[in-house]
2 protein chains.
Amino acid sequence: MLSEALESSWPVRFAGRSREQGPDEPESLEERVARAPVRTLEAKKHVFTEGDQRSHLYRVETGAVCLYKVLPDGRRQVVGFAFPGDLLGFGPAGAHQLNAQTTRPSRLRCLPWRSVERAARQNPTLAVTLWEAIAQELAVAHELLLTNGQRTATERVAAFLLTISRRNARRGEDDSLIILPMTRTDIGDLLALTIETVSRVFSSLRRERIIDLAQSCEVRIRDMESLERLAKGGGDL
Amino acid sequence: MLSEALESSWPVRFAGRSREQGPDEPESLEERVARAPVRTLEAKKHVFTEGDQRSHLYRVETGAVCLYKVLPDGRRQVVGFAFPGDLLGFGPAGAHQLNAQTTRPSRLRCLPWRSVERAARQNPTLAVTLWEAIAQELAVAHELLLTNGQRTATERVAAFLLTISRRNARRGEDDSLIILPMTRTDIGDLLALTIETVSRVFSSLRRERIIDLAQSCEVRIRDMESLERLAKGGGDL
DNA sequence: CGAACCATTGACCACCTTCAATGCGAGTGG
DNA sequence: CCACTCGCATTGAAGGTGGTCAATGGTTCG
């Protein structure tokens, strides 16, 4: 979910490095994270849960992580996913306000916050990188609020698919092939829809020849323009 | 919306000050903002709009500001309100991703981001204050996602009233008297409900003797426990 | 092959929206 | 002072989008 932030911060980071010299040359976040120890988790395991002490900043290497909150009676709202390259574990110092659970077997690099904070203090460029990353998180949350609050079921699913498609495009991957590393339940809890509604919308998009569904987790976009029209609010089908 | 962050940052800020000495003693965010120039706005005026360059960090002195996003066809999602004491104008460097509009005549203190950034570079404690503020924003957005995505209309209104009540309590004000400086439309667009539904829920809470409605903008909580039960998901009335 | 899990599809229903009318308070002008 | 208007809030009746309940199907793993 944070790769955007990390990516957009690169020019800043490199600008910072070019200024720095000497034996104490500060390391970029990228460099620090690359050396960080790896934690390997099976599918459906928690990276952290609400109330846990914030201990590490994570970066997803492989797999996928689902970020969510729950009501006392069990109703669940997914607030985002973290895919390879994304940072994870933001938030105020103190206790986590979210639950983070792998949806697949995953590998995460773990950087202690203590060290991140120390580094940010010495390297303002790294602090800017972190700021841009959390600001991007905030923008993603606001966008999801707009989607879930104002768009219809079809528009929500279209917007969801486009978000992943654009992410693929930014990474130089195929923007028309979408692999969904999460269940319909996860998607439903993200978009505030039931699994039945999500499933019906997928089926209806397939009937309209807007997508193909080779498997339930593999979506091929056949008509990008129709999908974009839907996401913008151009009528339900 | 950000007073929580500002307040919770005070101990940190003071701790920082006590460490700093000499003529270059860094100023806290609070001190800087107190000296910042004031901008006076009538009701319904924009502080900034989506796409504007991020220029200032604001603090609300009086009045109230509504933060929102819109879809191309005009559908609007309010993502939060900023009340006196709250900070405003966060986000990634570059263009604003939100619109900010006063709901009442308001006065804002304006601190140029350029100066905030310079100060944060020299004063790590101020950087922490800013971090805690934006992290708090993120937590608020996630909480609203949970509310709008998983709670019923009644539960959403109850949660909304409790949020303001708790804010009042934190500021040492009466937590049972709620003045709403925004219209039903603003509340509806925050909670992803129509004004009619918001109005019906208020009326129904009044019938159940959970609140009093002296005027449409003045809510008196008569039964805090029922309200809390509702917000947690303890059945609709 | 059977079990478990997930996805799909259908029928019915409920919550909230839509549409419409009325009320209410503030500001304005006769 | 009262009528008028405008904006906002309230209330009612009807309708639709998405939820609930239930059955079926498909895939993976033992």
Side-chain angles (χ1 to χ4, degrees), chain A residues 42-44 66 73-77 103-105 147-158 160 178-208 211-219 230 233 235-237, chain B residues 42-44 66 73-77 103-105 147-158 160 178-208 211-219 230 233 235-237:
Chain A
E42 303 167 29
K44 308 283 179 186
C66 175
D73 63 2
R75 283 176 280 176
R76 188 178 80 132
Q77 177 67 46
T103 65
R104 333 225 78 190
T147 293
N148 287 1
Q150 303 303 324
R151 293 196 234 245
T152 65
T154 308
E155 291 166 3
R156 285 182 221 180
V157 173
F160 170 68
I178 291 171
I179 306 296
L180 298 171
M182 73 290 281
T183 66
R184 293 285 186 270
T185 301
D186 292 327
I187 299 174
D189 286 350
L190 176 77
L191 300 176
L193 298 170
T194 61
I195 55 173
E196 292 95 331
T197 299
V198 173
S199 190
R200 273 186 261 267
V201 171
F202 273 118
S203 299
S204 131
L205 292 175
R206 183 167 47 72
R207 263 197 308 278
E208 302 292 325
I211 63 170
D212 273 340
L213 276 170
Q215 313 163 67
S216 67
C217 70
E218 185 185 323
V219 178
L230 280 177
D236 265 18
L237 293 188
Chain B
E42 304 167 26
K44 307 284 180 188
C66 174
D73 63 2
R75 283 175 281 176
R76 187 178 82 132
Q77 177 67 47
T103 65
R104 333 225 80 189
T147 294
N148 288 0
Q150 303 303 323
R151 296 197 232 243
T152 66
T154 307
E155 290 165 5
R156 286 182 221 179
V157 172
F160 169 69
I178 291 172
I179 306 295
L180 298 172
M182 73 291 282
T183 66
R184 294 285 187 269
T185 301
D186 291 328
I187 301 173
D189 287 349
L190 176 78
L191 301 176
L193 299 170
T194 61
I195 55 173
E196 292 95 330
T197 301
V198 173
S199 189
R200 272 185 261 267
V201 171
F202 273 118
S203 298
S204 133
L205 291 175
R206 184 167 45 74
R207 262 197 309 279
E208 301 293 327
I211 63 170
D212 273 341
L213 276 170
Q215 314 163 68
S216 67
C217 70
E218 186 186 323
V219 178
L230 280 177
D236 266 15
L237 294 188

Please step through side-chain contact (heavy atoms from CB on, under 4.5 Å) for the pair Lys44(B) and Thr103(B), ending with a clear verdict. CA-CA 5 Å; Lys44(B) 307 284 180 188; Thr103(B) 65; 5.6 Å; no

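- For Leu213(A) and dT8(C), the CG to C1' distance is 11 Å, given to the nearest whole Å.
- Look at CZ on Arg104(A): it is 11 Å from P on dT28(D), rounded to the nearest Å.
- Arg156(A) has its CZ atom 9 Å from the C1' atom of dG18(D), to the nearest Å.
- The side chain to side chain donor-acceptor pair (under 3.5 Å) test applied to Ser199(B) returns no partner, not counting sequence neighbours.
- For the pair Arg207(A) CZ and dT9(C) P, the interatomic distance rounds to 7 Å; values are reported in whole Å.
- With sequence neighbours excluded, the residues forming a side chain to side chain donor-acceptor pair (under 3.5 Å) with Asp186(B) are Arg76(B), Thr183(B), listed by chain and number.
- Arg184(A) is linked by a salt bridge (charged side-chain N to carboxylate O under 4.0 Å, His left out) to nothing, counting only residues two or more places apart in sequence or in another chain.
- With distances taken from any side-chain atom of Arg200(B) to the nucleotides dG12(D), dA7(C), dG10(C), the minimum falls on dG12(D).
- Contacts of Thr194(A) classified as side chain to side chain contact (heavy atoms under 4.5 Å, CB included), with partners at least two apart in sequence or in another chain: Glu196(A), Thr197(A).
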Going by atom type alone, with no hydrogens or angles, which donor-acceptor pairs under 3.5 Å involve a side-chain atom of residues 211-218 of chain B and a protein atom two or more places apart or on another chain?
residue: Asp212(B); atom: OD1; partner: Arg222(B); partner atom: NH1; Å: 3.4
residue: Gln215(B); atom: NE2; partner: Glu218(B); partner atom: OE1; Å: 3.0

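- If you check every strand for non-hydrogen atoms under 4.0 Å, Ser199(B) touches a base.
- Across all strands shown, Arg206(A) has heavy atoms under 4.0 Å from sugar-phosphate atoms exclusively, and none from any base.
- Within residues 185-197 of chain A, the residues approached by DNA chain D to less than 4.0 Å at the level of any non-hydrogen atom are Ala192(A), Leu193(A), Thr194(A), Glu196(A), Thr197(A), in residue-number order.
- Nearer to the 5' terminus of DNA chain D, by closest-nucleotide assignment, is the contact made by Arg151(A) (compared with the other of Gln215(A) and Arg151(A)).
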